[in-house]
Amino acid sequence: MKTQILIAALFFGGLITAQQKKDSTKVNAIDAVNIKKQVFKKQGDRLVYDVASSSIAKGTNTFTLLKQTPMISSIDGKTLKILGKNDAIIYINNKKTNMDAEALIEMLKSTPSEDIQKIEVITVPGSEFQVESKEGVINIVMKKSKNNGYNGTLKMQNEQAYYNNPNAGASFNFRQGKWSGNSNFRMGSWTDRQRYTLSNGDSTFKNESFGFNDDPNKNFGGGFNVDYEINKKHSLGFSYNMRYNKSFNSVLDITNWQNGVLNNRTVNNEDAQTRNHSFNLNYEMKTDSLGSKLTSNVSYLWFNRDKVSFNESFPLTNDTINKYSALHQAVPQIINNYAANIDYLKKTAKVSTWLMGISYNHTNTDNDTKQDKLIGGDFVIDPKQTNHFIYKENILGIYLNYERKLTEKISGKIGARYEMTRSTGEILEKTGFERNYNNLLPYLNLNYAINSDHNLSYTFSSRIRRPRFWELNPSRTYFTPTNYTQNNPFVLASKFYNQELNYMYKNAFYANLSFNMVEDASASDMLPLQGTLTTPERDKNGNIVYGPDGKMIMKTTRFLRYIRTNYGKNRELALTLGMNKSWFKDIWTTNYSVNLGYVTYKGGVWEDPTSQLGQYESESLDPYIIDVKNYNMSATINNVIRLSSKKDWFLGVNYFFATQTAMEGGMIGARQSFDFSLKKIAGDWTIVAEVSDLFNQSFYRVRGVQPNGKFNNITNFNYPRLMSIGVTYNFGNQKLKKAREMKSANDAVKSRT
């Protein structure tokens, strides 16, 4: 741009010189002007990163590009988070993606960054977005072109963690006349390796467990999207996505000590398969030349997870209490979801926009859990842990938004979402429940562009968080016979109230202050409940043993039960300070941010709603008290350095650090991650070598202590250091316009599978 303007200046300068020979009027020299497009700016309710104008958006993939986007972070290479938020929900061209989480990440990693026009970060989404709790939205806007033709991407990658994990993917896009479409396919295998250190107890008793888990996985996924433009006003589209995951021969091997004495060893072997198929039919009608349109979707989702396991516990001492025990468990889950929605977007000549819509979701989950335990040398049904749980949920949503530019400097958006939820849960032949509730969820955004250098905005939103379907299934996952996780079908939806104040200076520096309130809060992780279970002593055939006095001989066993349940309320105040700026003629691009937080959690759990006691059995549960106040800090530093004038070599140097952070279950230890990458662009080929978490410091560890002295500590070392090399080849017409990305009507349900 600078060169073109300089040439124009010289041209007009020559013309002026020629005129000066004819005229006696003096003309001042014209200086060259360098006009640079804004890369990062605030627009209404969102932060906009114009990656098409950024030097780092060349020869990479969309996932890597998102990690370099202000306010977005990823330290595990598998998830994306908006700073100060729970998770990031991905939209493409204002339409939510129709994939499960792992398939979505693979799709982003296989999409070339050259296809992206801009990335919009919406920290507090409006009423039209299907999000929960304090989730934020990342909206990826694709480049547009009317060219016919085809293009595609082939990618191969090999990752080395504890084990070697290869994967490959391909995508293909076409446009011809009124028809357009895209498809993708991904396959790979990986084995997760985790090392556990667990301890719990009090001043009089201590239980310690050490072990590891090897979880091999094979994954296949893909889908296609076809769009037909009936005429200039009407379009029809159909999309299909699938994913299959196979995890056989997963082994969890745990050795246990009690009060420093070797006690027993537990080995759990597990086979699991997951199948996911989703279909969506979309119709769109443009109603005027201003951009008004009517959109409708009909969707179906089928999710099936089969899991079977064999858990054995071997005594390593000669005591009479701990004996060889074993159990078989089958935990299948089938989810069927039917959904539909209609949206109408109305734009007026007065620079205002109305959006109104209605959505309906019907979900049916079937969880037929079977568990056998070893008695007298034979496996017999365990009636307490064998159950058939049916959960049905109907959600009707109505939403309305109004957005308008009030003056040249002030704009606003106001809206509300009204949701009616009707659900029933039944553990067949045991118990059941019914929940009917209505929620009015208001939204407000005010934006004040003070001048070209300063922008100020305020946003308020309210949301709810419904429990995930797997959280409701009343089944257990065992570490040892007395240490296990317990799902809870009685957990309630939580209510979130989110406020945010955002300030931006010169489209490069920003400050984001947020305050979140949660009522009927449930823990972001499971709460560790400790207690004792008193049961009759039984012989090898399962018969109750009586003493000489004719009374039953009772035995008491300590347990540690992890459960997700409602506990009370929490408050969170966070301040994010950030900068996105390029230096030395775009040779060095920086994206720095610091997040300061203060959280309080208040409440407790005094009883376990999932307890099932047999005849003559009794349980004593230690109250779990939550009264936490904590200051925390995290920092993200991303650097991209261009190593050559040809813009074909790039070096990435990134660092993440987080101090100790409080959760309901305890204090998470400090984490950090140092990453670097080297990228080479050679025509249509891109080669990237990366090292993530060079020093193995981003693993999970938590320390929890109760007022009564009970403690629970967990260290989960997942070997986070990862080295990878990937090769990507882009072929065909890279300026091809993408097919319409269509929002599925059951998007809100997919995140809960």
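In this text the structure is predicted, and so the values were computed from the model without any measurement.
In this structure, Trp257 and Phe210 have perpendicular ring planes: the angle between them is above 60°, well past the 30° mark. Using cut-offs of 30° and 60° for the angle between ring planes, the Tyr497 and Phe460 rings count as parallel. Ring planes of His328 and Phe379: tilted class, angle from 30 to 60°.
With Lys384 as the partner, the side-chain contact (heavy atoms from CB on, under 4.5 Å) test is satisfied by one option alone out of Asn387, Thr386, Asp382: Asp382. Just one residue in the list Tyr598, Phe515, Tyr601 forms a side-chain contact (heavy atoms from CB on, under 4.5 Å) with Arg571, and that residue is Phe515. Of the residues listed (Lys495, Arg466, Lys569), the one engaging Asp520 in a salt bridge (charged side-chain N to carboxylate O under 4.0 Å, His left out) is Lys495, and it is the only one.
Side-chain contact annotation: Glu500 with Thr123, donor-acceptor N/O pair under 3.5 Å present. In this structure, a donor-acceptor pair under 3.5 Å is absent between the side chains of Gln329 and Tyr478. Side-chain contact of Asn256 with Thr480: a donor-acceptor pair under 3.5 Å is absent, judged by distance alone. Judged by distance alone, the side chains of Tyr391 and Asn367 never bring a donor and an acceptor atom under 3.5 Å apart. No side-chain donor-acceptor contact under 3.5 Å links Ser313 and Asn311. Side-chain contact of Arg265 with Thr255: a donor-acceptor pair under 3.5 Å is absent, judged by distance alone. Between the side chains of Tyr562 and Asn712, at least one donor N or O sits under 3.5 Å from an acceptor N or O. Side-chain contact of Gln194 with Asn716: a donor-acceptor pair under 3.5 Å is present, judged by distance alone.
Around NZ of Lys629, the count of heavy atoms belonging to other residues, nucleotides or ligands within 6.0 Å does not exceed 12. Annotation for Tyr631: atom OH does not count as buried by contact number, only 12 or fewer foreign heavy atoms lying within 6.0 Å. More than 12 heavy atoms of other residues, nucleotides or ligands shown are found within 6.0 angstrom of CG on Leu613. Taking a 6.0 Å sphere around CD of Glu607, one finds it holds 12 or fewer heavy atoms contributed by other residues, nucleotides or ligands.
Cation-pi geometry between Arg435 and Phe433 is met: the NZ or CZ atom falls under 6.0 Å from the ring centre, inside 45° of the normal. Under the 6.0 Å distance and 45° angle rule, Arg193 counts as a cation-pi partner of Phe212.
Of the charged side-chain nitrogens involved, at least one lies within less than 4.0 Å of a carboxylate oxygen, so that Glu537 and Lys323 count as a salt-bridged pair.
In this structure, CG on Asn498 lies 8.0 Å from NZ on Lys134, to the nearest 0.5 angstrom. A distance of 8.5 Å separates CD of Gln530 from CZ of Arg558, quoted to the nearest 0.5 Å. Summarising the geometry, atom CG belonging to Asp271 is positioned 7.5 Å from atom OG belonging to Ser247; distances are rounded to the nearest 0.5 Å. Atom CG in Asp693 sits 4.0 Å away from atom OG in Ser673 (nearest 0.5 Å).
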Between Glu664 and Arg564, does the salt bridge (Lys or Arg N to Asp or Glu O under 4.0 Å) criterion hold? Intermediate values first, please. CA-CA 11 Å; Glu664 300 93 337; Arg564 180 174 280 104; over 6 Å; no
Given Thr659 and Asn632, is the side chain to side chain donor-acceptor pair (under 3.5 Å) satisfied, shown in steps? CA-CA 6 Å; Thr659 62; Asn632 58 78; 5.5 Å; no
Apply the test ring pair (Phe, Tyr, Trp, His ring centres under 6.0 Å) to residues Tyr484 and Phe479: give CA-CA distance (whole Å), side-chain angles for both, the deciding distance (0.1 Å), then the verdict. CA-CA 5 Å; Tyr484 49 85; Phe479 289 96; 9.5 Å; no
May I have the step-by-step check of salt bridge (Lys or Arg N to Asp or Glu O under 4.0 Å) for Asp368 and Lys370, ending in yes or no? CA-CA 7 Å; Asp368 192 3; Lys370 292 181 171 60; 2.9 Å; yes
Salt bridge (Lys or Arg N to Asp or Glu O under 4.0 Å) between Glu434 and Lys392, intermediate numbers included: CA-CA 10 Å; Glu434 180 177 348; Lys392 297 180 180 180; over 6 Å; no
With salt bridge (Lys or Arg N to Asp or Glu O under 4.0 Å) as the criterion, how do Glu471 and Arg465 come out once you've worked through the C-alpha distance, each side chain's angles and the decisive distance to 0.1 Å? CA-CA 12 Å; Glu471 296 173 1; Arg465 182 198 184 274; 3.2 Å; yes
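Residues passing the side chain to side chain donor-acceptor pair (under 3.5 Å) test with Gln160 are Asn164, sequence neighbours excluded.
Counting heavy atoms from C-beta on, the side chains of Thr369 and Phe389 never come closer than 4.5 Å.
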